[in-house]
Every structure is written in C-alpha cells, then in structure tokens.
Amino acid sequence: MIKKASLVIIGGGIIGCSIAYNLAKMGCKNIVLLEKNSLASGATGRCGAGIRQQFGTEMNCILARESIKIFENLSQELDYDIELNQGGYLMLAYTEKEVSQFKKNVALEQSLDIDARFITVEEAKEIVPPLNTEGLLAATFCPTDGHANPFNTNFAYAEAAQRLGVKIYNFTEARGIKTENNRIVSVSTDKGEVQTPIVINAAGGYSGEIGKMVGVDLPVYSQRHQILITEPVDPLFRPMLMSFSRNFYCQQTPHGSIIMGFGDPGEPKDYDIGSSWQFAREMAQKMIAVVPLLKEVSMVRQWSGLYNMSPDSQPIVGEHPQVKGFYMAVGFSGHGFMLAPVVSLLMAELILKGQTSIPIDKLDIGRFDRGELIIEPSVV
Amino acid sequence: MKDETIICRCEDVTWGEIRQALEKGYTTLDEIKRITRAGMGRCQGTTCRRIILREIAKFCHKGIEEITIPTFRPPTKPIKLGTLAGDKDD
C-alpha cells in the first residue's frame with residue numbers, strides 16, 4: 001500500500017468517489033480512497049436513487065437544481081451511461097397542512113427557477129393514469145426531477161477518478177486517524193498506514209465512527225431504511241410518486257422494475273441493515289391503495305440501507321473547526337445520491353481554492369452550536 | 001465459452017459482459033451483480049450464481065469455496081404485492 005498521499009478519502013460510495021473525481025479533475029495529485037468493502041456496497045448501492053428539486057429549504061433547492069444540471073451531462077462527462085431518466089416527481093398532498101406546505105415549497109422553488117408547479121387532482125391523474133385519487137387533495141409536479149442508476153453513477157465516478165490517477169483501495173478499512181496539535185497526520189488501515197495532511201470523511205452510515213477516530217463527536221446518527229423492488233413490467237407511470245403524510249416513495253425504473261420504500265419513524269438509531277416481512281406487507285398495502293393495479297405485480301427482492309441523519313436533515317459539509325485537515329461530507333439524511341454531483345464539486349473547490357462557487361458555509365458543523373439549523377420539512 | 005452466451009437469463013447478461021467486468025478488476029459476485037445486473041432478476045441468481053462463482057474462481061486462480069457469496073435477500077420466490085398485503089382474492 002502507498003505510504004504517502006496528499007489526501008485520503010474514507011468511503012467508496014457516491015460521495016467519496018465523486019469528491020475524488022472532482023479533486024483529480026481540478027488537478028489534485030496523489031489522492032487515495034479507502035473503501036472497507038467494495039464500491040457502492042453501502043448506502044449508495046442500496047438507495048432509491050431518486051433525484052428531486054422539490055424541497056422546502058432554499059439550500060436544498062439550490063443544491064438539487066445545480067445537481068440536476070450536472071446529472072444531465074454526467075453520462076457524457078464520465079463516459080458511462082448512468083441511465084438518467086427525468087420522468088418528474090409527483091408529490092401527493094393528502095392533508096390540508098401538506099397543501100399549505102406544498103404551496104410554500106412551490107413558491108420557493110419557482111423563485112429559484114425550478115420548474116415545479118402546484119397541480120389539481122385531475123392533472124395528477126393525467127400524469128399518472130393508474131393513480132387512485134381517493135383522499136388526494138392536490139399535488140406538485142416537477143418534470144425535470146427523476147432517477148438514475150446508483151451503481152452505474154457510483155462506478156462511473158470511480159472509474160473516471162481512476163483514469164485521472166486516483167488510487168482506490170477496495171476491501172481496505174480505515175482503523176484509526178493520527179493527529180498532532182489538532183492536525184491530521186496519517187490514517188492507519190488493515191493494509192498499512194498512509195501519511196496525509198487531509199482526510200475526507202465520506203463514510204455515509206459510518207461517518208460517526210470516523211469522527212470518533214479524530215476524537216470528535218459528530219451530531220449524526222444512522223437509521224435503517226427498508227426498500228423493495230418488483231419484477232420488471234410494462235411501463236405503468238413515469239414519475240416518482242411521493243407522499244410525506246402517507247410516508248412512501250415509489251418509482252418505475254427504465255428497466256421496468258418498480259422500486260418503493262418508506263421510513264419507519266420507530267426505527268432504532270443503529271447499524272441494522274436487515275429486512276423484515278412487516279415492512280414488505282405494509283409497503284404493499286400502502287402502494288396498492290395508491291396504485292391498485294400494483295397488486296398483480298410481484299416483489300422479487302427487499303433489502304435496506306442506512307440513512308445518515310443530521311439534526312436538521314441537511315448535510316454537514318466542510319472542515320471541522322477543531323481538527324485541521326479533517327473535512328466532512330456527512331449527514332445527507334437520505335439525499336446523498338441526488339446531491340453528490342454538486343456537493344462533491346463544491347467540496348473540491350473548498351479544499352483546493354478555499355472558497356466555493358455556491359455558498360455552503362451555512363452547512364458547516366458549527367451551525368448546531370450556533371442554533372442556526374436549516375430544518376428541511378420535506379423528508380421521507 | 002462464447003461472449004454471446006447468456007449467463008443470467010432473467011436479465012439477459014452475457015458472458016462477454018461478465019468477462020469484461022472481471023478484466024476491469026471487479027472480481028466479487030457483489031460487484032459483478034451491481035455492474036451487470038446478473039442475479040438481480042426474477043430468479044434472484046438461482047441459475048447464474050454458481051456459474052459466475054465458478055468463473056470468478058477460475059479467473060482469480062482460487063478455489064470456488066474461497067469466493068465470497070453475496071447476501072441472500074428475501075423473498076425466496078417472487079410474491080405478488082396483493083398476496084403480501086393480505087388481499088382476500090389471492
């Protein structure tokens with residue numbers, strides 16, 4: 001194993017690999033990426049892979065809007081088909097509270113040049129003909145939202161990074177991080193030690209453990225989110241269907257299979273990534289109520305992955321104020337895949353230039369001490 | 001084996017695609033599954049898993065017992081969402 005690097009990234013998911021790529025593209029040499037398992041084996045390879053711009057905070061709207069712009073050219077840029085499918089997101093409002101929140105969200109989104117609109121139940125039915133509109137009060141739709149293949153996107157970034165000289169070590173686990181006078185000195189792994197002045201924590205569900213290695217307590221926790229997929233069937237509907245009050249998301253991929261999930265509010269904060277039949281049953285009940293003909297479609301697989309939650313459901317991005325050279329891109333709260341293209345670019349700018357083309361200073365870890373949380377109201 | 005031989009019948013994955021993944025350095029079943037979709041179809045790898053394991057072992061000059069197998073995910077057989085939901089008609 002290499003003995004010295006200019007920078008070590010911990011985590012071979014979409015966040016780590018896209019940061020590696022953007023740093024290398026900007027000319028940074030001698031980058032090492034450590035992945036304890038194989039690429040996309042954690043949250044990225046387990047995610048629903050939706051990409052939406054319909055959020056309730058200006059920060060998430062801007063980041064997602066810029067991310068979509070990058071996604072739109074990413075297959076070409078990375079020379080790998082990421083299977084981007086912009087079928088839109090249809091957000092369904094079932095309560096008056098949701099209706100008023102969605103009106104606020106759409107006003108915010110439109111002020112930021114996002115092409116979302118507030119629509120009637122009839123319009124929702126036109127967009128998704130098999131939709132059961134019972135109980136539905138209104139909806140919002142953004143046609144440029146969509147979905148990409150998370151494996152392809154992850155490998156696309158990784159292979160492009162490798163072509164630019166990044167060294168990726170699979171099956172190599174970071175075991176400890178050495179600091180001196182509050183500066184990063186080296187990372188020890190099960191394959192040897194690498195000297196480096198900079199570590200980037202991109203460990204997703206395990207980012208809190210990496211924080212402990214430099215003696216800091218990151219305000220993040222991990223939580224299992226279960227998901228299931230059906231056999232491929234003929235095209236039924238294009239957009240991602242999402243509801244916060246009924247708690248689900250569901251989309252047919254270009255491949256034909258239908259992927260669906262929900263977040264269990266009673267889920268303990270730990271590292272469990274098992275699957276339960278209770279989830280499969282409740283998921284099936286939820287979606288059949290919304291799209292009744294799904295009852296004829298068979299589930300072929302279920303699994304789960306970890307959301308890395310932050311206190312305000314927004315990522316923590318930047319250098320840790322107490323440990324020089326310790327950068328974090330953590331706490332994405334279920335939105336890591338969709339935000340990765342832009343956040344990785346900004347992270348590379350922050351490290352190499354000391355400033356970013358879109359202001360992200362408010363995403364620093366210090367916001368929790370200052371009480372300046374940017375609470376995202378629209379999370380499944 | 002010919003490149004056009006189909007290894008994963010559910011997802012139409014050919015030996016050529018699997019060979020290319022191996023040559024790129026993806027030598028675990030988990031990686032090959034994620035890159036090619038082999039084993040992710042209706043039968044969940046019941047047919048192709050053993051063939052791919054054998055080819056990985058051959059490619060890496062290892063015994064088949066040394067190759068890590070991926071997590072088996074439920075259900076064992078495809079099940080209709082209607083049945084799962086407790087639909088009385090099923």
Side-chain angles (χ1 to χ4, degrees), chain A residues 12 35 37-41 44-46 80 83 149-152 154-156 158-159 162 168 170-171 226-232 250 253 255-258 260 273-289 291-304, chain B residues 6 8-13 17-18 20-49 52-53 56 59-60 62 66-90:
Chain A
E35 166 52 52
N37 202 317
S38 55
L39 301 177
S41 58
T44 302
R46 298 162 183 275
Y80 199 128
E83 296 174 9
N149 181 319
F151 305 125
N152 290 20
N154 202 146
F155 287 109
E159 290 182 11
Q162 284 173 309
I168 295 180
N170 278 315
F171 303 103
Q226 299 197 61
I227 193 163
L228 68 80
I229 198 160
T230 70
E231 61 191 330
C250 175
T253 69
H255 168 262
S257 49
I258 301 164
M260 54 188 85
I273 45 169
S275 301
S276 74
W277 65 266
Q278 290 93 338
F279 163 80
R281 184 179 61 180
E282 194 177 337
M283 187 80 250
Q285 287 165 345
K286 275 176 192 277
M287 287 327 299
I288 289 170
V291 182
L293 57 81
L294 285 177
K295 70 176 198 256
E296 297 301 329
V297 182
S298 290
M299 156 171 109
V300 294
R301 184 168 66 253
Q302 68 174 122
W303 68 98
S304 72
Chain B
I6 293 192
C8 169
R9 295 188 292 194
C10 303
E11 294 289 336
D12 280 347
V13 183
E17 290 169 77
I18 290 166
Q20 278 170 16
L22 284 167
E23 285 166 3
K24 266 185 174 177
Y26 299 114
T27 54
T28 63
L29 199 46
D30 257 336
E31 290 166 301
I32 289 172
K33 177 178 147 183
R34 284 170 164 85
I35 287 170
T36 67
R37 296 198 57 85
M40 292 176 96
R42 222 186 133 80
C43 91
Q44 289 292 294
T46 316
T47 314
C48 66
R49 188 188 301 121
I52 301 172
L53 278 174
I56 293 172
F59 186 86
C60 298
K62 283 182 177 173
E66 294 173 79
I67 311 298
T68 312
I69 51 171
T71 315
F72 285 78
R73 304 200 190 280
T76 310
K77 278 184 175 177
I79 177 168
K80 275 189 186 177
L81 294 181
T83 310
L84 263 174
D87 193 331
K88 295 271 187 312
D89 303 334
D90 278 291

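Protein chains get the first letters and strands the later ones, always in sequence-line order, with residue 1 at the start of each.
Heavy-atom distances place no part of A:Asn149 under 4.5 Å from chain B, backbone and side chain included. Residue contact with chain B, scored on non-hydrogen atoms closer than 4.5 Å, involves the side chain of A:Glu231 exclusively. Only the side chain of A:Glu159 comes within contact range of chain B, judged by heavy atoms closer than 4.5 Å.
For A:Arg281 (side chain) and B:Gly86 (main-chain N/O), no donor-acceptor pair under 3.5 Å exists by modelled atom type. B:Arg34 contributes no side-chain N or O that, together with a main-chain N or O of A:Pro150, makes up a donor-acceptor pair within less than 3.5 Å. Between the side chain of A:Arg46 and the backbone N or O of A:Ser41 there is at least one donor-acceptor pair closer than 3.5 Å.
Of the listed residues B:Pro74, B:Cys43, B:Gly25, B:Gly41, the one with more heavy-atom pairs under 4.5 angstrom with chain A than any other is B:Pro74. Put simply, of B:Thr76, B:Thr71, B:Ile35, B:Asp30, the one with the most heavy-atom pairs under 4.5 Å next to chain A is B:Ile35. Of the listed residues (B:Lys77, B:Lys24, B:Arg73), the one with the most heavy-atom contacts under 4.5 Å to chain A is B:Arg73.
A side-chain donor-acceptor contact under 3.5 Å links B:Glu11 and A:His255.
Each of B:Ile67, B:Thr36, B:Val13, B:Leu29 was checked for a side chain to side chain contact (heavy atoms under 4.5 Å, CB included) with B:Ile52, and the lone residue meeting it is B:Leu29.
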